[in-house]
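Have a look at the structure below before the remarks.
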Amino acid sequence: MSQTVCRLPVATPAGIFSAEYTARGLADLSFPLSDGEQSSPAEGRRPTPEIRRWHALTIKAVLAALAGKTPLQPPPLDLSQGTAFQQGVWLALQNIASGQTRSYGEIAAELGKPGAARAVGAACGANPIPVLIPCHRVLAAGGKLGGFSGGLEWKRLLLEREGAACGP
DNA sequence: CCCTAGCGGTGCT
DNA sequence: AGCACCGCTAGGG
């Protein structure tokens, strides 16, 4: 269920992201591949008019995020592939304003599971839509940077662009 | 700084 | 059921 309908490129000054859509919305956003390998420009079925509309929103939102601005209207997100816990985490992440940060433990507590900081980290790592779902705004306790599946350089860059305090 | 124990969720066997 | 992962954390050298 909820298969990928098509994959489209998102060109930015920082490289070409890749967006995957299902009938429900944006389901995956990948960072630009490391120098060298190219992804095919597009894959899957030809985008429907609806998906083309969503994709325009995706492009705007990603560009805005990379510029440190808060995108006004992101596309609908299809998070149905996640477990209930992961969806809870991803929802909580979307409530962190640009420039703000939380710790993994704080997110866990917010979800009523105070001991689940590590699980929150795992859920952040499973976030299919980085940048738009701002998993980079979650730091380790004590203001330390913590990890980032897309590479810590991205985490630092995104935090810096939105003027967040990140680490000593 | 390092190391250790304990933690919750997830996926594989 | 068991087990081995993890973007963690608190506590102790």
Side-chain angles (χ1 to χ4, degrees), chain A residues 1-5 7 10 12-22 24-37 39 58 61-71 74-168:
Chain A
M1 13 191 225
S2 86
Q3 282 275 91
T4 295
V5 175
R7 184 163 60 77
V10 182
T12 81
I16 302 178
F17 289 65
S18 177
E20 285 187 9
Y21 296 87
T22 67
R24 308 160 85 99
L26 176 64
D28 188 275
L29 184 68
S30 314
F31 285 104
L33 311 96
S34 308
D35 49 313
E37 214 47 356
S39 64
T58 299
V62 171
L63 289 175
L66 290 177
K69 301 177 180 179
T70 311
L77 307 181
D78 178 5
L79 302 178
S80 58
Q81 47 162 29
T83 65
F85 178 80
Q86 288 169 337
Q87 292 187 34
V89 172
W90 300 338
L91 204 61
L93 296 186
Q94 296 178 69
N95 290 330
I96 311 176
S98 177
Q100 294 189 347
T101 61
R102 299 281 188 283
S103 74
Y104 296 97
E106 284 174 330
I107 299 292
E110 200 173 304
L111 295 174
K113 313 203 173 186
R118 197 169 187 177
V120 168
C124 287
N127 170 19
I129 312 181
V131 182
L132 298 192
I133 296 180
C135 47
H136 59 278
R137 293 179 189 145
V138 190
L139 308 181
K144 291 184 304 256
L145 192 53
F148 198 69
S149 355
L152 284 177
E153 321 77 46
W154 278 108
K155 189 169 186 176
R156 261 190 292 265
L157 180 138
L158 289 165
L159 288 169
E160 180 196 337
R161 291 282 168 88
E162 54 193 52
C166 52

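Below, chain A is the first sequence line, B the second, and so on; all start at residue 1. Excluded from the calculations below are hydrogen atoms, water molecules and symmetry mates; all remaining heavy atoms, backbone and side chain alike, are included. Because the structure is a prediction, the values reported are computed rather than measured.
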Quick note, A:A119 side chain, CB onward, closest among B:dG9, C:dG7, C:dT9 is B:dG9
Just call it for A:A117: base, sugar-phosphate, or nothing, with non-hydrogen atoms closer than 4.0 Å on any strand. sugar-phosphate
By the Watson-Crick or G-U definition, both distances under 3.5 Å, B:dC3 is matched with C:dG11
inquiry  = C:dG7, OP1 or OP2 - any side-chain N/O from A:K155 closer than 4.0 Å?
reply    = no
Whole-Å distance, A:Q86 CD to C:dC6 C1', equals 12 Å
* **Geometric class of the A:F31/A:F148 ring pair [parallel <30°, tilted 30-60°, perpendicular >60°]** => perpendicular
Notebook entry, point to check: So, the side chain of A:W154 versus the backbone of A:S149: is there a donor-acceptor pair under 3.5 Å, distance only?
Noted result: no
Whole-Å distance, A:E153 CD to C:dG7 C1', equals 13 Å
Original post:
Is A:P32 close to A:V10 at the side-chain level, that is, under 4.5 Å between some pair of heavy atoms?
Top reply: no
Among the nucleotides C:dG7, B:dG8, C:dT9, whichever has the atom closest to the side chain of A:C135 is C:dG7
Would you mind classifying the nucleic acid contact of A:G115 as base, sugar-phosphate or nothing, using non-hydrogen atoms under 4.0 angstrom? sugar-phosphate
**Request:** Kindly indicate whether the side chain of A:R118 and the base of B:dG6 share any N or O donor-acceptor pair separated by less than 3.5 Å?
**Result:** yes
A:F31 CZ to C:dG7 C1', in whole Å, measures 12 Å
Taking atom C1' in both C:dC6 and B:dC7, what distance in whole Å separates the two? 12 Å
From NZ of A:K144 across to P of C:dT9 the rounded distance in Å is 7 Å
Among the nucleotides B:dG9, C:dG7, C:dT9, whichever has the atom closest to the side chain of A:S149 is C:dG7
From CZ of A:F85 across to C1' of B:dG11 the rounded distance in Å is 15 Å
A:L111 CG to B:dG9 C1', in whole Å, measures 12 Å
| said: Considering every strand and a 4.0 Å limit on heavy-atom distances, what is the contact class for A:V138: base, sugar-phosphate, or nothing? | reply: base
Result for side chain to side chain contact (heavy atoms under 4.5 Å, CB included) between A:V89 and one of A:V138, A:L111, A:I133, A:N127 points to A:L111
Whole-Å distance, A:L93 CG to C:dG7 C1', equals 12 Å
Q | Pair A:E162 + A:K69, salt bridge at N-O below 4.0 Å | A | no
Atom CD of A:Q81 and atom P of B:dG11 are separated, to the nearest Å, by 10 Å
